[in-house]
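In this chain, residues are counted from 1 in sequence order.
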Amino acid sequence: MPQSVISDISRSLIEIAWHFGPKGLNGECCENLTMPEFIALDKVSTTFHCAVQDVGYSLGFTKSGATRIVNRLEKKGYVQKIKSYEDARVCCVEITKSGERVLASSNSRYMEQFNTIAAKMPEHLVADTVKLLTAMATALKG
């Protein structure tokens with residue numbers, strides 16, 4: 001792939017990240033969540049018996065880094081720590097009702113933003129864009 005195309009893609013991804021990423025004065029992306037907190041909360045909400053270590057994997061953080069994120073989420077009332085039902089030595093994280101509410105609110109905001117952008121795009125490209133972005137996100141996680 002030519003360097004100019006890679007450069008264009010890079011600039012486009014930066015522009016997208018800015019519009020969907022943390023813009024608050026304290027780095028918040030959604031209500032009072034930082035982007036790592038949002039990603040961690042999303043991981044907890046979709047993972048049964050989510051170990052703190054699983055949160056770390058989703059962020060590319062060490063276990064201690066994940067623990068700091070989980071502790072902040074717990075202090076905000078969005079998650080609670082529990083002992084694993086399978087191994088009491090493992091600390092798991094569960095989303096609270098408050099966490100579900102803030103995540104739903106944030107997801108709603110992002111959907112509104114995407115719909116606004118999609119409305120400005122040719123209709124035939126929207127489905128392809130969704131497939132491409134989903135494939136890229138999956139590749140990043142794997």
Side-chain angles (χ1 to χ4, degrees), residues 1 3 5-142:
M1 190 175 298
Q3 186 63 35
V5 172
I6 293 171
S7 181
D8 289 345
I9 291 169
S10 177
R11 283 194 301 277
S12 295
L13 288 172
I14 290 168
E15 185 73 21
I16 291 166
W18 169 249
H19 284 281
F20 281 90
K23 290 191 215 175
L25 292 176
N26 296 317
E28 300 98 345
C29 68
C30 351
E31 296 200 20
N32 67 341
L33 294 173
T34 64
M35 186 58 79
E37 290 170 345
F38 176 82
I39 292 168
L41 188 59
D42 187 58
K43 176 67 175 176
V44 170
S45 76
T46 60
T47 306
F48 186 65
H49 296 296
C50 185
V52 172
Q53 189 169 333
D54 294 334
V55 172
Y57 289 144
S58 69
L59 292 164
F61 286 8
T62 62
K63 187 177 177 190
S64 65
T67 299
R68 286 192 296 275
I69 296 289
V70 167
N71 287 345
R72 289 197 317 246
L73 288 171
E74 185 177 41
K75 187 175 180 179
K76 292 177 182 184
Y78 297 147
V79 300
Q80 62 182 6
K81 289 187 233 171
I82 59 167
K83 289 190 188 300
S84 169
Y85 302 116
E86 297 158 0
D87 184 345
R89 296 171 297 172
V90 176
C91 181
C92 290
V93 189
E94 289 183 345
I95 193 166
T96 64
K97 292 291 181 195
S98 182
E100 289 174 355
R101 181 191 49 73
V102 75
L103 195 59
S105 172
S106 298
N107 283 332
S108 176
R109 184 178 136 242
Y110 282 130
M111 283 301 303
E112 286 177 26
Q113 280 183 283
F114 182 80
N115 287 333
T116 299
I117 293 166
K120 297 175 184 177
M121 295 170 55
E123 190 174 325
H124 69 280
L125 290 180
V126 174
D128 289 341
T129 301
V130 170
K131 287 179 190 175
L132 175 65
L133 291 173
T134 301
M136 287 177 71
T138 301
L140 286 169
K141 291 178 185 177

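- With rounding to the nearest 0.5 angstrom, the CZ atom of Phe48 is 8.0 Å from the CD atom of Glu94.
- Between Phe114 atom CZ and Ile16 atom CD1 the span is 9.5 Å, to the nearest 0.5 Å.
- Between Ala40 and Leu59, the shortest heavy-atom distance links the atoms CB-CD1, 4.1 Å.
- Looking at Thr47, its side chain never comes within 3.5 Å of a backbone N or O of Val44 through a donor-acceptor pair.
- Atom OG1 in Thr67 sits 11.5 Å away from atom CZ in Phe61 (nearest 0.5 Å).
- Evaluation of the salt bridge (charged side-chain N to carboxylate O under 4.0 Å, His left out) rule for Lys76 yields Glu37 as partners, not counting sequence neighbours.
- Shown here are the side-chain contact (heavy atoms from CB on, under 4.5 Å) partners of Ser10, two or more places apart in sequence or in another chain: Ile14.
- The two residues His49 and Cys92 have their closest heavy-atom pair at O-SG, 3.7 Å.
- Of the options Leu41, Val70, Ile39, a side-chain contact (heavy atoms from CB on, under 4.5 Å) to Val55 is made by Val70 and by none of the others.
- Two residues are said to be in side-chain contact when any heavy atoms from C-beta on lie closer than 4.5 Å; Arg72 and Ile69 meet this criterion.
- Separation of atoms CZ (Arg68) and CG (Leu73) is listed at 13.5 Å; rounding is to 0.5 Å.
- Applying the 6.0 Å contact sphere to NZ of Lys63 captures no more than 12 heavy atoms from other residues, nucleotides or ligands.
- With hydrogens and angles disregarded, a donor-acceptor distance shorter than 3.5 Å links the side chain of Ser106 to the backbone of Val102.
- Residues that satisfy the salt bridge (charged side-chain N to carboxylate O under 4.0 Å, His left out) test with Asp8, not counting sequence neighbours, are Arg11.
- Taking CG of Leu140 as the start and OG of Ser58 as the end, the distance is 12.5 Å to the nearest 0.5 Å.
- Side-chain atoms of Ser98 and Thr96 include no donor-acceptor pair closer than 3.5 Å.
- Just one residue in the list Leu33, Ile95, Val93 forms a side-chain contact (heavy atoms from CB on, under 4.5 Å) with Tyr78, and that residue is Leu33.
- With salt bridges taken as basic N to acidic carboxylate O contacts below 4.0 Å, none links Arg109 and Glu112.
- For Asp128 (side chain) and Leu125 (main-chain N/O), no donor-acceptor pair under 3.5 Å exists by modelled atom type.
- With hydrogens and angles ignored, the 3.5 Å screen pairs a side-chain donor or acceptor of Ser45 with a backbone N or O of Asp42.
- Around atom CE of Met121, more than 12 heavy atoms belonging to other residues, nucleotides or ligands sit under 6.0 Å away.
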